[in-house]
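See below for the structure under consideration.
Naming: A, B, ... by sequence-line order, numbering from 1 per chain. All values reported here derive from a predicted model rather than from experimental measurement.
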Protein chains: 2
Amino acid sequence: MAMGRPREFSCEKALDLALQVFWRKGYEGASMADLTEAMGITKPSLYAAFGNKEELFRKALDRYVDGPGGYFQEALKKPTAREVVSHVLYEAAEALTNPDNPPGCLAVQGALSCGDAAETIKQELMARRAKGETDLRTRFERALAENDLPDGADAADLARYISAILQGMAVQAAGGADRGQLRRIADMALRGWPPV
Amino acid sequence: MAMGRPREFSCEKALDLALQVFWRKGYEGASMADLTEAMGITKPSLYAAFGNKEELFRKALDRYVDGPGGYFQEALKKPTAREVVSHVLYEAAEALTNPDNPPGCLAVQGALSCGDAAETIKQELMARRAKGETDLRTRFERALAENDLPDGADAADLARYISAILQGMAVQAAGGADRGQLRRIADMALRGWPPV
DNA sequence: GTCCATCTATACCGGACGTTACGAATGTGT
DNA sequence: ACACATTCGTAACGTCCGGTATAGATGGAC
C-alpha cells in the first residue's frame, strides 16, 4: 500500500505543535517560519502534508475543538440546564488557564480582527463561535420543553448571554487572569442563573 | 511662530481615520498602505507627523479612549454602583454597535494575540484593560464604604466580573451581534446584580 | 524679493512574508 | 537488483512589509 519514502514525522504531533503556535500568536501573527520551527519540519514538508497556511489552521482548529475545546460539547450532555451552565463555566475556567496550553481560547483570539488576507479565517472563527452558541440554544430549548427553565425565558438570549460570559472569560485569560479569578467569575454568573 | 510650509491635513482628522482602520483590522492587520490610503496622506507625511506605526497606534488608542470608549469613564461617575453597572453595560451595547464605527472594542480586538513584532502593543492593550478594571474596582470599593454594595462583596471580583461581561459583549459585537442582542445581554447581567 | 524651515511626493531600501522548483534521499513492490 | 513513488532539504521565487533618502513645492520671516 504505502508507496515511496515514508514521512519522518507524525502528522498529529505536528498538528498539535502548530495548534500551540496559532493559539499563542493568532493566525496572522504565526509566520510559516514560526510554524515549521515549532513543528520540527521544513516548509515543503508542511505544504505537502497540510496544503497551505489556511488549511493548516483549519486542521489545527478542528483538533482544538475536539481536544482542548472539547469541554463545551461535553457540557451540553449534562442532564439539567443548570448543570450544563455550571460545567461549561467551570471547565472553561480550567481549560482557559491550562498551563500546558496558551491562555485563552483559539476561537476567540485566533483572528478577532485581521487584515484582508485573513478575512476568510475570521469568518470561519465567527461561524464556529456561532455554532457553539446555536448548540447551546438548542440545549436550552430542550430544557424549556422539559420545564427545566422558567417559562418565558428565551433560549437564544440565554445562549448568547452564556456565550458572552465564556468569551469574556477568554479575554480575561488572554489578559493574564488566573484560574481562581476565572472560577470566581463563574461563581458570580452562576449565582444569578437563570436570569429569569 | 509657525515656520516653513504648513501641513495640508488635520492631524486629528487623520488620527480619527487611522483609528477606524486599526479598529477594523487590528494592529497587525492594518498595513501602512491601508493607513495612508484611509488617511489621505503619503507615508513620509505620516512618519513625520506620528513617528511610526506603533506610535500612531498609541495615539489612535488615546483618541479611542477619550472618544468612542469614553462611556466607560463616564459611567464611573454615576452615584450608585447599580447605576454605574447599568450605564456601562447599556452604553457599551450602544458603542459596540455604533454604525459609524467598526463593531467591537479596539482595546479587545486591537491585538488580542499577535506575532513578536506586535508584542508591545498587546502588552499596552492588556495594561489598558487592566486599568479599566482597576478603575471599576476602585469605584466599587467606594460603593462598599458607602454601604452601596452588600457587606462581604469583593470589589476586585465584581470589577473582574463586569469587565468580563463587557469584553464578552465586545466579542459578540465583533461576531455580528446587533444592538438589541447586546442590550438583552445587559438586561440579564443586570438582573443578577449584585451577585451577592 | 529672498531666505529658509517645513511639508509633499516619488522612488527606493533591506528584510520578511507565503509559496514552490528542483534534485538528492529513502523505502516499497516486483 | 531494479524501478518507482514519495519525502526531504536547499535555495530561490515574487510580493508585500515597515521605514527612509532625496528632491521639489510652499509659504512665513525679514
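- Between R58(A) and E54(A) a salt bridge is recorded (basic side-chain N to carboxylate O distance below 4.0 Å).
- Here dC17(C) presents its P atom at 17 Å from CG of N52(A), a figure rounded to the nearest Å.
- Residue M3(A) places its side chain closer to dA5(D) than to any other of dT8(C), dC8(D), dA5(D).
- Closest to the M32(B) side chain, of the nucleotides dA5(C), dC7(C), dG19(D), is dG19(D).
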Shorter than 3.5 Å, N or O on both sides, protein versus nucleotides 9-11 of chain C: list them out with atom names.
none

Enumerate, atom names and distances included, each donor-acceptor pair closer than 3.5 Å involving a side-chain atom of residues 185-193 of chain B, sequence neighbours excluded.
{"unit_1": "D187(B)", "atom_1": "OD1", "unit_2": "Y90(B)", "atom_2": "OH", "d": "2.4"}
{"unit_1": "R191(B)", "atom_1": "NH1", "unit_2": "P195(A)", "atom_2": "O", "d": "2.8"}
{"unit_1": "R191(B)", "atom_1": "NH1", "unit_2": "V196(A)", "atom_2": "O", "d": "3.0"}

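- For E8(A), the side-chain contact (heavy atoms from CB on, under 4.5 Å) criterion is met by R5(A), not counting sequence neighbours.
- Atom CE in M39(A) sits about 11 Å away from atom P in dC8(D), given to the nearest Å.
- If you take CD of E28(A) and P of dA16(C), they are 18 Å apart, rounded to a whole angstrom.
- T138(A) and D135(A) share no side-chain donor-acceptor pair at under 3.5 Å.
- Mapping Y47(A) and A48(B) onto DNA chain C via the closest heavy atom, the residue that lands nearer the 5' end is A48(B).
- One atom, NZ of K25(A), and another, P of dG18(C), lie 11 Å apart when rounded to the nearest Å.
- To the nearest 0.5 angstrom, C114(A) atom SG is 11.0 Å from R24(B) atom CZ.
- The neighbour count for E37(A) CD, taken as heavy atoms of other residues, nucleotides or ligands under 6.0 Å away, does not exceed 12.
- Rounded to an integer number of Å, the gap from L35(B) CG to dG19(D) C1' is 13 Å.
- Between the OH atom of Y27(B) and the C1' atom of dC17(D) there is a distance of 12 Å, given to the nearest Å.
- Across the protein-nucleic acid pair, F57(B) atom CZ and dG18(D) atom P stand 14 Å apart, rounded to whole Å.
- Membership of the apolar cluster around L61(B) extends to F9(B), L15(B), L17(B), L19(B), V21(B), F22(B), W23(B), Y27(B), M32(B), L35(B), M39(B), I41(B), L46(B), Y47(B), F50(B), L56(B), F57(B), Y64(B), V65(B), L106(B), I121(B), L125(B), as traced through chained side-chain contacts below 4.5 Å between ILVMFWY residues.
- Summarising the geometry, the separation between CD on E54(A) and C1' on dG18(C) is reported as 12 Å, rounded to the nearest angstrom.
- Pairs engaging residues 96-113 of chain B under the salt bridge (charged side-chain N to carboxylate O under 4.0 Å, His left out) rule: none recorded [sequence neighbours left out].
- In K78(B), the NZ atom is not crowded: 12 or fewer heavy atoms of neighbouring residues, nucleotides or ligands sit closer than 6.0 Å.
- Between A33(B) and R5(B), the one whose closest nucleotide on DNA chain D sits nearer the 5' end is A33(B).
- The stretch residues 13-22 of chain B has no heavy atom under 4.0 angstrom from DNA chain C at all.
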